[in-house]
Asks: 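Before we start, here is the structure in question, set down as structure tokens.
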Amino acid sequence: MASIDRTAYPRFARAVSERAEVSPAVERTFAEHRGLLHAVAYRVLGSVAEAEDVVQDAWLRWSRVDVATVADAEGYLVRVATRLAIDRLRSARVRRESYVGSWLPEPLLTDPDAAQNVLLEESVSTAMLLVLETLSPVERAVFVLGEAFGYGHHEIAHLIGRKHATVRQIALRARKAVETRHRRYDTDQATRRQATERFLAACIGGDLNALMEVLAPDVTMVSDGGGFTGAPRTAIHGRERVARAAVILSAHRPYGSLAQIFQVNDGPGIIIHSGRTPVLAATFHLAKGKIEVIHVVSNPEKLTGVAL
């Protein structure tokens, strides 16, 4: 029987305990849709922590309604979560204007064995999430609901409280903007894993030549330390400069830490853990088998989604 996993979602623990009068059926219904709510919120916000807050707020609202009057639990919960995410994104945009250095989406561990829709999988890539950052909050929500989760325009209109014709125009505008800005990268998981393994081995071995062989000539590395770490605050361009930066970064990882390959967002990535605490996560985007873009997150506040 489904129930809220308070270990996986610690933010729920206090909220659930404070509402002990909620029936098991109400909790079970919410638990059945919790994963969907988090998936929608994460794609709208690009933040694991913010997505968890949205899901918690959705739970608090759900626990207060008479669920017997709700004909469509999924529709109700997705509507609540989407609107909460839109509101949070508006305020997050203001905060990001003063962010120290480059801002990147929070990395998230994903299941490599899950049978996922290709569009759903691509929508969680760091490259796509960065493209979605260029859309307005409403455009982003409409794109995510339609392109990633397959909701129709009529359904989306109900979810976000807009007219069908308006949603149709927003969807067309958002899709055109994404198609214009989003570059297609290699999607073959085997190719991506091989390149990631070669990159990691070269970094650990300090082998600049081997590292440059797996990098594209115009490779770019973007780092997000949020001002908490020594991460470069501007992007690094070019094969040799990126290779040297990667080797230096690897050499300065915490003593006794372990660098491993995990499925991060939509493909193989590298996570460095010191004990069970993540200190860095890197994701890679390839074209023609070569790494063209590297996203590195070391801001400790943005690594909760890759904790063991």
Side-chain angles (χ1 to χ4, degrees), residues 9 11-12 15 30 33-65 70 72-99 103-106 108 119-120 122-182 265 301-302 304-305:
Y9 287 80
R11 292 167 187 258
F12 282 129
F30 184 86
H33 297 93
R34 186 193 61 225
L36 172 62
L37 304 185
H38 190 276
V40 170
Y42 175 71
R43 286 163 174 79
V44 173
L45 290 161
S47 166
V48 175
E50 294 270 11
E52 289 181 3
D53 286 342
V54 163
V55 177
Q56 177 175 302
D57 289 345
W59 158 251
L60 292 174
R61 296 195 182 193
W62 175 251
S63 67
R64 293 178 181 132
V65 303
V70 180
D72 177 12
E74 177 183 319
Y76 176 90
L77 289 168
V78 172
R79 180 170 70 253
V80 169
T82 300
R83 295 184 184 185
L84 287 169
I86 290 173
D87 290 342
R88 280 184 172 272
L89 184 57
R90 288 183 175 130
S91 60
R93 290 279 172 88
V94 176
R95 295 195 302 273
R96 290 172 192 174
E97 290 177 0
S98 59
Y99 193 79
W103 183 93
L104 290 174
E106 292 183 23
L108 178 70
L119 289 175
L120 183 62
E122 184 184 28
S123 69
V124 81
S125 75
T126 52
M128 175 61 82
L129 290 172
L130 284 171
V131 171
L132 295 183
E133 281 290 308
T134 66
L135 304 180
S136 73
V138 172
E139 287 174 340
R140 184 166 180 168
V142 169
F143 182 87
V144 166
L145 291 169
E147 299 297 319
F149 293 93
Y151 287 103
H153 292 161
H154 282 290
E155 293 175 293
I156 297 174
H158 177 64
L159 293 174
I160 68 170
R162 300 292 181 94
K163 294 181 179 179
H164 169 257
T166 301
V167 167
R168 183 174 180 277
Q169 290 301 314
I170 293 173
L172 289 172
R173 186 168 64 244
R175 188 181 304 114
K176 182 177 180 180
V178 170
E179 289 175 350
T180 299
R181 297 164 184 156
H182 181 48
N265 291 75
E301 295 183 348
K302 301 177 75 170
T304 59

Asks: Name the residue from D87, L89, L45, L37 that meets the side chain to side chain contact (heavy atoms under 4.5 Å, CB included) definition with V54.
Replies: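 Between V54 and the candidates, side chain to side chain contact (heavy atoms under 4.5 Å, CB included) is satisfied uniquely by L45.
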
Asks: Tell me, yes or no, whether the heavy-atom count around R61 atom CZ, taken from other residues, nucleotides or ligands under 6.0 Å, exceeds 12.
Replies: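 No, the 6.0 Å shell around CZ holds no more than 12 heavy atoms from other groups.
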
Asks: Taking all non-hydrogen atoms of both residues into account, name the closest pair between V44 and A141 and its distance.
Replies: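 Looking at all heavy atoms of both residues, the shortest contact is CG2-CA, 4.1 Å.
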
Asks: Give, for atom OG of S125 and atom NE2 of H182, the distance between the pair rounded to the nearest 0.5 Å.
Replies: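 One finds 5.5 Å between OG of S125 and NE2 of H182.
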
Asks: Below 4.5 Å, heavy atoms only, C-beta onward: do T82 and V144 meet side chain to side chain?
Replies: no

Asks: What orientation do H153 and H164 show, parallel under 30°, tilted 30 to 60°, or perpendicular over 60°?
Replies: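 Tilted.
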
Asks: Can you pull out every salt bridge (Lys or Arg N to Asp or Glu O under 4.0 Å) where at least one residue sits in residues 151-161? Sequence neighbours excluded, please.
Replies: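 Found none.
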
Asks: Compare all side-chain heavy atoms of V80 with those of W62 and state whether any distance is below 4.5 angstrom.
Replies: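 When only atoms from C-beta onward are counted, W62 and V80 do not touch, as no gap falls below 4.5 Å.
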
Asks: Using a 4.5 Å cut-off on heavy atoms from C-beta on, say whether the side chain of R162 contacts that of I156.
Replies: no

Asks: Show the nearest heavy-atom pair for residues G75 and L159, with the distance to one decimal.
Replies: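 Heavy-atom minimum between the residues: O-CD2, 3.5 Å.
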
Asks: Are the side chain of R93 and the backbone of E133 linked by a donor-acceptor contact shorter than 3.5 Å?
Replies: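 Looks like yes, one N/O pair under 3.5 Å.
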
Asks: Kindly give the heavy-atom pair with the smallest separation between L129 and S123, and that separation in Å.
Replies: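 Closest approach of L129 to S123: CD2-O, 3.6 Å.
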
Asks: Does any pair with a residue in residues 166-175 pass salt bridge (Lys or Arg N to Asp or Glu O under 4.0 Å), and if so which ones, sequence neighbours excluded?
Replies: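 Sorted pair list: E139-R173, E147-R175.
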
Asks: With under 30° as parallel and over 60° as perpendicular, where do the rings of Y42 and H38 fit, or are they tilted in between?
Replies: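 Answer is parallel, since the angle falls under 30°.
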
Asks: Looking at R43 and A39, would you say the former's side chain and the latter's main chain have a donor-acceptor pair under 3.5 Å?
Replies: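 It does hold such a pair.
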
Asks: Can you name the side chain to side chain donor-acceptor pair (under 3.5 Å) partners of T134, sequence neighbours left out?
Replies: R181

Asks: Do E106 and N265 come within less than 4.5 Å of each other through their side chains, counting heavy atoms only?
Replies: no

Asks: Between CG of D53 and CG of L84, what distance do you get to the nearest 0.5 Å?
Replies: 10.5 Å

Asks: Look at R95 together with E50 and state whether they make a salt bridge at an N to O cut-off of under 4.0 Å.
Replies: yes

Asks: At what distance, to the nearest 0.5 angstrom, does OG of S136 lie from CD1 of I86?
Replies: 8.5 Å

Asks: Would you check if the side chain of K302 reaches a backbone N or O of A49 as a donor-acceptor pair within less than 3.5 Å?
Replies: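 No.
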
Asks: For residues H158 and R79, report the shortest heavy-atom separation together with the two atoms involved.
Replies: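 Result for this residue pair: NE2-NH1, 3.0 Å.
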
Asks: W103 and L130: which non-hydrogen atoms are nearest, and at how many Å?
Replies: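 Looking at all heavy atoms of both residues, the shortest contact is O-CD2, 4.0 Å.
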
Asks: Could you tell me whether the side chain of R140 reaches within less than 4.5 Å of the side chain of P137, counting heavy atoms only?
Replies: no

Asks: Under a 4.5 Å cut-off applied to non-hydrogen side-chain atoms, are V78 and F149 in contact?
Replies: no

Asks: About how many Å separate OG1 of T304 and CG of L108, when rounded to the nearest 0.5 Å?
Replies: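 OG1 of T304 is found 9.0 Å from CG of L108.
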
Asks: Show the nearest heavy-atom pair for residues A85 and A41, with the distance to one decimal.
Replies: CB-CA, 4.4 Å

